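Read through the structure below, which is laid out as structure tokens, and then see the notes.
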Amino acid sequence: AQKITQTQPGMFVQEKEAVTLDCTYDTSDQSYGLFWYKQPSSGEMIFLIYQGSYDEQNATEGRYSLNFQKARKSANLVISASQLGDSAMYFCAMREGRDRGSTLGRLYFGRGTQLTVWP
Amino acid sequence: DAGVIQSPRHEVTEMGQEVTLRCKPISGHNSLFWYRQTMMRGLELLIYFNNNVPIDDSGMPEDRFSAKMPNASFSTLKIQPSEPRDSAVYFCASSLAGTGLINEKLFFGSGTQLSVL
């Protein structure tokens, strides 16, 4: 089974509008961490935001916020006031807390969502 | 501070040739990861090291691929012989997550764009 599922291959949003990028995850661990990365056309992977499974508040970093719904196992990224520079591929990722011998530290990535912001 | 440094940025080679990709992780990081990114398969974890020891190499496609980490500041990914289907972007990333810290993020290098003709 996929650890991370991003069901939206592509999303479009107008400048200054908000957009939500979906992410669902699959784990039986109680302790885990969720990450979002941005990959612009230049190719580098840029860390955006982190949410721990025990964090009671939704994470926020500037215009980025994470809509964490634990019971639904979803960790959607919300970008407010979109800018043209937000056009990029966005990846959701998860690290599980339990060490299964060969998984400690490993980050599982989704397939990504290509966001296009238009003027 | 320098981030994760990968070289070369671009590599064009002919089928059958040996290719070596290099990575210098962030100083002090104890985990190093090699990823491959393609349109078809997305980001695939090839191998990762914890304290210079390979922990999981189940993602390495086949025997043509090998990776080493002789010390904490250097790793190589070698493909021998290379094939056109190996064309992809190869990322190296490092982290402090090998100690079980869930919130430690991965820091990625700029990637190596490999084209095998």
Side-chain angles (χ1 to χ4, degrees), chain A residues 2-7 9-10 23 25 27 29-55 59 61 64 66 75 88-114, chain B residues 3-6 8-10 23 25-26 29-60 69 88-114:
Chain A
Q2 291 283 340
K3 292 281 186 183
I4 295 287
T5 302
Q6 294 179 256
T7 56
C23 172
Y25 58 90
T27 182
D29 291 1
Q30 295 301 309
S31 177
Y32 50 89
L34 298 155
F35 302 75
W36 278 91
Y37 281 81
K38 172 184 177 181
Q39 186 180 38
S41 57
S42 51
E44 71 269 32
M45 294 284 282
I46 302 166
F47 166 77
L48 294 179
I49 195 167
Y50 167 81
Q51 177 87 41
S53 60
Y54 290 120
D55 294 341
E61 289 285 348
Y64 303 109
L66 204 152
M89 181 74 88
Y90 289 81
F91 291 94
C92 179
M94 176 181 66
R95 175 177 292 120
E96 294 178 306
R98 190 151 47 106
D99 177 12
R100 292 168 172 82
S102 65
T103 62
L104 189 65
R106 179 174 178 163
L107 210 60
Y108 296 92
F109 282 87
R111 291 299 303 270
T113 295
Q114 179 68 49
Chain B
V4 177
I5 300 172
Q6 288 187 248
R9 285 298 307 273
H10 303 275
C23 175
I26 291 173
H29 280 187
N30 61 355
S31 295
L32 184 139
F33 303 78
W34 282 101
Y35 284 89
R36 178 171 69 176
Q37 186 178 30
T38 60
M39 289 289 290
M40 290 293 292
R41 302 172 72 92
L43 264 172
E44 302 174 272
L45 178 64
L46 300 178
I47 185 170
Y48 84 95
F49 297 85
N50 192 30
N51 294 321
N52 312 339
V53 175
I55 301 300
D56 183 1
D57 66 354
S58 59
M60 296 285 262
M69 192 164 185
V89 179
Y90 291 80
F91 285 103
C92 176
S94 72
S95 172
L96 276 170
T99 54
L101 300 171
I102 293 178
N103 63 342
E104 284 294 332
K105 54 184 178 278
L106 253 56
F107 293 81
F108 283 80
S110 300
T112 295
Q113 174 74 61
L114 174 65

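It should be emphasised that the depicted structure is a prediction, and the values quoted were computed from it without experimental measurement. In what follows, chains are A, B, ... by sequence order, proteins preceding strands, each numbered from 1. In what follows, every heavy atom counts, from backbone to side chain, and hydrogens, waters and symmetry copies are set aside.
Within the 4.5 Å cutoff, no side-chain heavy atoms of A:M45 are placed close to those of B:L106.
Nearest heavy-atom pair across B:M39 and A:R111 is O-NH2, 3.3 Å. Listed here is the closest heavy atom pair of B:I102 and A:F35: O-CZ, 3.3 Å.
From A:F47, atom CZ reaches atom CZ of B:F108 across 11.5 Å, with rounding to the nearest 0.5 Å. Taking NZ of B:K105 as the reference point, atom CG of A:L48 lies at 11.0 Å (rounded to 0.5 Å). The CG atom of B:L43 lies 6.5 Å from the CD atom of A:Q39; values are rounded to the nearest 0.5 Å.
Partners of B:R36 under the salt bridge (Lys or Arg N to Asp or Glu O under 4.0 Å) rule, at least two apart in sequence or in another chain, are B:E44. Residues passing the side-chain hydrogen bond (donor to acceptor under 3.5 Å, both in side chains) test with A:S42, sequence neighbours excluded: A:E44.
For A:F91, the part lying under 4.5 angstrom from a heavy atom of chain B is the side chain only. Heavy-atom distances place both the backbone and the side chain of A:S31 under 4.5 Å from chain B. Neither the backbone nor the side chain of A:Q6 comes within contact range of chain B, judged by heavy atoms closer than 4.5 Å.
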